[in-house]
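Just so you know, ligand 1 is whichever comes first in the structure, and atom 1 is the first atom listed for that ligand. All heavy atoms count here, side chains included; hydrogens, waters and symmetry mates do not.
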Amino acid sequence: MDLCDINQIRPLLERHGFHFSKALGQNFLIESWVPRDIAESSGAGPGTGVLEIGPGIGPLTVQLAQRADRVAAVELDKALLPILAETLADHPNATVIPGDVMKLDLAALVKEQFPGLKALVCANLPYNITTPVLTLLLESGLFSAVTVMIQKEVAQRICAGPGSKDYGAFSVLCQYYASCELLFEVPRECFLPAPKVTSAVVRLKACPPPDYIHDKTLFFRVVRGAFGLRRKTLLNALANAFPYSKETLAGCIAAAGLPADIRGERLGLKEFATLSDQLAALA
Ligand code: SAM
């Protein structure tokens, strides 16, 4: 069965009495090149175990199961479980795990499902949980790479560099844990129902934390502080986030080699790290 052929999907969904849920971000793929190319980009292959989030009716799951040793697909919507039992019947290396990915013990899942395998994530993510789920996956440190289809705007934010309008605290978070790459865009027409926005596929390849960041907690406090008041200068933003006088903070900014009137959005990870070191010296 072609799980992207709308003439086959509609009768399948009708037979199971399935109705799309907007709240669960259900936009299913109806162009077969899309799950194929996402799976191909994900690194799924011999020796890998892939966690998929939200298999829907399984078009990406099938592509992953054809490549990886094992696939564990976490699906929150119980109504999809009998459909998946049917569509994945020929793929015994794919297991559906009912539940909410945000509430799962990911470490236990990886240990149980992927023993001896390199763990990856690949998904067409429900848009409403993109940021928290990516944060969870990156912070877990469990996965070598995370390849996901998300809203194009969020993909641009993840990959943005200092000075760009898309650059923010979430860009820094993603780039702290991974090297991030926007791979390709996917038009609205590739989904049923069509979402309002264009999508894009990003690949986040895990990398060791930058060795120039000495205090991760303080580093992220500085980053959040710097972007907290985006329209203000770095000095004003930090004054709002830290219990130090403006004179003291201005001294840290100068000692980090930064102009007095710089805005936080112009700092790269290295500059944030140097600034954090200056703030650490105050404690
Ligand atoms: N992979 C399918 C495809 O590409 O056609 C469906 C993708 S659809 C954008 C998102 C899927 O995630 C839906 O099947 C939805 O039910 C599921 N989902 C939503 N929230 C979830 C959660 N918190 N945990 C697991 N699955 C979730």
Side-chain angles (χ1 to χ4, degrees), residues 1-6 8-10 12-13 16-42 44 50-68 71-88 91 94-106 109 113 120-137 140 146-152 154-155 183-202:
M1 180 176 185
D2 180 351
L3 294 175
C4 285
D5 179 349
I6 198 151
Q8 298 187 38
I9 297 173
R10 281 200 196 282
L12 173 76
L13 296 179
H16 285 272
F18 177 81
H19 297 286
F20 286 94
S21 156
K22 214 173 175 181
L24 290 178
Q26 289 177 341
N27 302 96
F28 293 174
L29 284 167
I30 50 166
E31 285 291 341
S32 53
W33 67 267
V34 184
R36 184 199 65 211
D37 286 7
I38 298 175
E40 200 52 44
S41 315
S42 72
V50 187
L51 168 67
E52 186 192 359
I53 296 151
I57 61 168
L60 180 59
T61 326
V62 167
Q63 291 292 326
L64 294 168
Q66 285 168 355
R67 292 167 172 80
V71 180
V74 180
E75 178 53 64
L76 179 56
D77 189 348
K78 286 196 180 76
L80 288 166
L81 301 179
I83 303 182
L84 285 164
E86 195 175 316
T87 58
L88 299 179
H91 299 279
T95 306
V96 176
I97 300 175
D100 181 343
V101 69
M102 296 302 298
K103 296 184 182 154
L104 277 186
D105 181 345
L106 290 177
L109 180 147
Q113 299 286 330
L120 304 169
V121 174
C122 186
N124 170 14
L125 282 182
Y127 293 144
N128 48 335
I129 59 166
T130 303
T131 312
V133 87
L134 283 178
T135 305
L136 183 77
L137 295 169
S140 77
V146 174
T147 307
V148 284
M149 178 149 62
I150 55 181
Q151 222 175 302
K152 181 181 155 192
V154 183
L183 300 179
F184 55 91
E185 292 183 13
V186 178
R188 304 167 56 236
E189 303 75 51
C190 295
F191 300 86
L192 178 76
K196 288 201 179 73
V197 292
T198 303
S199 300
V201 176
V202 277

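Between I53 and ligand 1, not a single N/O pair is under 3.5 Å apart. Between P59 and ligand 1, a contact under 3.5 Å exists for no N or O pair. Residue D100 places at least one N or O, backbone or side chain, under 3.5 Å from an N or O of ligand 1. Ligand 1 has a nitrogen or oxygen under 3.5 angstrom from a nitrogen or oxygen of P55. Considering backbone and side-chain atoms together, D77 places no N or O closer than 3.5 Å to any N or O of ligand 1.
Looking only at protein heavy atoms, the nearest one to atom 20 (N) of ligand 1 is P126 CG, 3.6 Å. Closest to atom 27 (C) of ligand 1, if we only count protein heavy atoms, is L76 CB, 3.7 Å. When only non-hydrogen protein atoms are considered, atom 17 (C) of ligand 1 lies nearest to E75 OE2, 3.4 Å. Nearest protein heavy-atom contact of atom 6 (C) of ligand 1 is G54 O, 3.4 Å. Here the heavy atom of the protein found nearest to atom 4 (O) of ligand 1 is N124 ND2, 2.8 Å. In this structure, the protein non-hydrogen atom closest to atom 24 (N) of ligand 1 is V101 N, 3.1 Å.
Counting only distance, with no hydrogens or angles, the side chain of N128 and the backbone of A23 share a donor-acceptor pair below 3.5 Å. Checked by atom type and distance alone, the side chain of N27 pairs as donor or acceptor with a backbone atom of P193 at under 3.5 Å. The main-chain N or O of D2 is found under 3.5 Å from a side-chain atom of Q8 such that the two form a donor-acceptor pair. Proximity of a side-chain donor or acceptor of T87 to a complementary backbone N or O of I57 within less than 3.5 Å is detected.
The backbone and the side chain of L29 each have at least one atom closer than 4.0 Å to an atom of ligand 1 (non-hydrogen atoms only). With a heavy-atom cut-off of 4.0 Å, E52 touches ligand 1 through its side chain alone. Under 4.0 angstrom from ligand 1, there are no non-hydrogen atoms of I57.
Listed by atom number, the atoms of ligand 1 under 4.0 Å from V74 heavy atoms are 25 (C), 26 (N). Atoms of ligand 1 found under 4.0 Å from any heavy atom of G56 (numbered from 1 in listed order, with element): 2 (C), 6 (C), 14 (O). Applying the 4.0 Å criterion to heavy atoms of N27 picks out, from ligand 1, the atoms 7 (C), 8 (S), 9 (C). Within the listing of ligand 1, atoms 8 (S), 9 (C), 10 (C) sit less than 4.0 angstrom from a heavy atom of G25.
Across L192, L3, L24, heavy-atom proximity to atom 19 (C) of ligand 1 is greatest for L24.
Between S42 and the choices V148, L183, T147, the side chain to side chain contact (heavy atoms under 4.5 Å, CB included) rule is met once, by T147. Evaluated for a side chain to side chain contact (heavy atoms under 4.5 Å, CB included) with V101, the options I129, L125, L76 yield exactly one hit, I129.
Listed here is the closest heavy atom pair of A44 and L120: N-CD1, 3.7 Å. Shown here for P35 and L60, the closest heavy-atom pair between the two residues is O-CD1, 3.5 Å. Across all their heavy atoms, V74 and G99 have their closest contact at CG1-O, 3.4 Å. Nearest heavy atoms, E185 versus T198: OE1-CG2, 4.0 Å. The two residues V146 and L134 make their nearest non-hydrogen contact at CG1-CD2, 3.8 Å.
Under the 4.0 angstrom criterion for non-hydrogen atoms, G99 is in contact with ligand 1. Using a 4.0 Å heavy-atom cutoff, Q26 is listed among the residues neighbouring ligand 1. Under the 4.0 angstrom criterion for non-hydrogen atoms, L80 is in contact with ligand 1.
When side chains are defined from C-beta on, L137 counts as touching I53, because their heavy atoms get closer than 4.5 Å.
The number of heavy atoms from other shown groups lying within 6.0 Å of CZ (R188) is above 12.
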